[in-house]
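Notes follow the structure.
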Amino acid sequence: NIFFEVVEKRDKQTLLEIIKRKIVIGSIIISDCWKAYDCLESEGYRHLTVNHRENFKDPETGAHTNSIEGTRQKIKHGVHFPKFGI
């Protein structure tokens with residue numbers, strides 16, 4: 001599942017509040033190495049990271065953010081997605 005939320009601040013407190021509200025404890029969260037996400041494991045989530053300075057897909061876990069980055073770019077630039085189903 002995917003969701004996007006506009007925030008004024010990208011700090012740990014703001015992001016963690018949204019994550020706790022939207023994502024079930026125990027879920028796998030894949031992110032870049034943004035420091036605000038360092039607490040996810042201790043909050044009960046499985047956190048996989050990708051260090052984009054080194055690679056775009058983690059060689060050990062296979063984790064990547066390619067799909068979400070592409071979707072974010074489309075939203076950022078105002079491209080509308082086709083609607084499927086109801």
Within this structure, what is the [atom1]-[atom2] distance for the pair [X] and [Y], rounded to the nearest 0.5 Å?
{"X": "Leu16", "Y": "Ile19", "atom1": "CG", "atom2": "CD1", "answer": "6.0 Å"}
{"X": "Thr49", "Y": "Ile30", "atom1": "OG1", "atom2": "CD1", "answer": "10.0 Å"}
{"X": "Ile28", "Y": "Ile23", "atom1": "CD1", "atom2": "CD1", "answer": "11.5 Å"}

Set of side chain to side chain donor-acceptor pair (under 3.5 Å) partners for Arg21, sequence neighbours left out: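 Partners of Arg21 by the side chain to side chain donor-acceptor pair (under 3.5 Å) criterion, ordered by chain and then number, come out as Glu5, Glu17.
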
For Ser27, side chain to side chain donor-acceptor pair (under 3.5 Å) partners two or more places apart: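 Ser27 satisfies side chain to side chain donor-acceptor pair (under 3.5 Å) with no other residue.
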
Test side chain to side chain contact (heavy atoms under 4.5 Å, CB included) applied to Val6 - qualifying residues, sequence neighbours left out: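 Residues passing side chain to side chain contact (heavy atoms under 4.5 Å, CB included) with Val6: none at all.
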
Tell me which donor-acceptor pairs under 3.5 Å the side chains of residues 36-44 have, and how far apart each pair is, sequence neighbours excluded?
residue : atom : partner : partner atom : Å
Glu41   : OE2  : His47   : N            : 2.7
Ser42   : OG   : Cys39   : O            : 2.8
Glu43   : OE1  : Lys20   : NZ           : 3.1

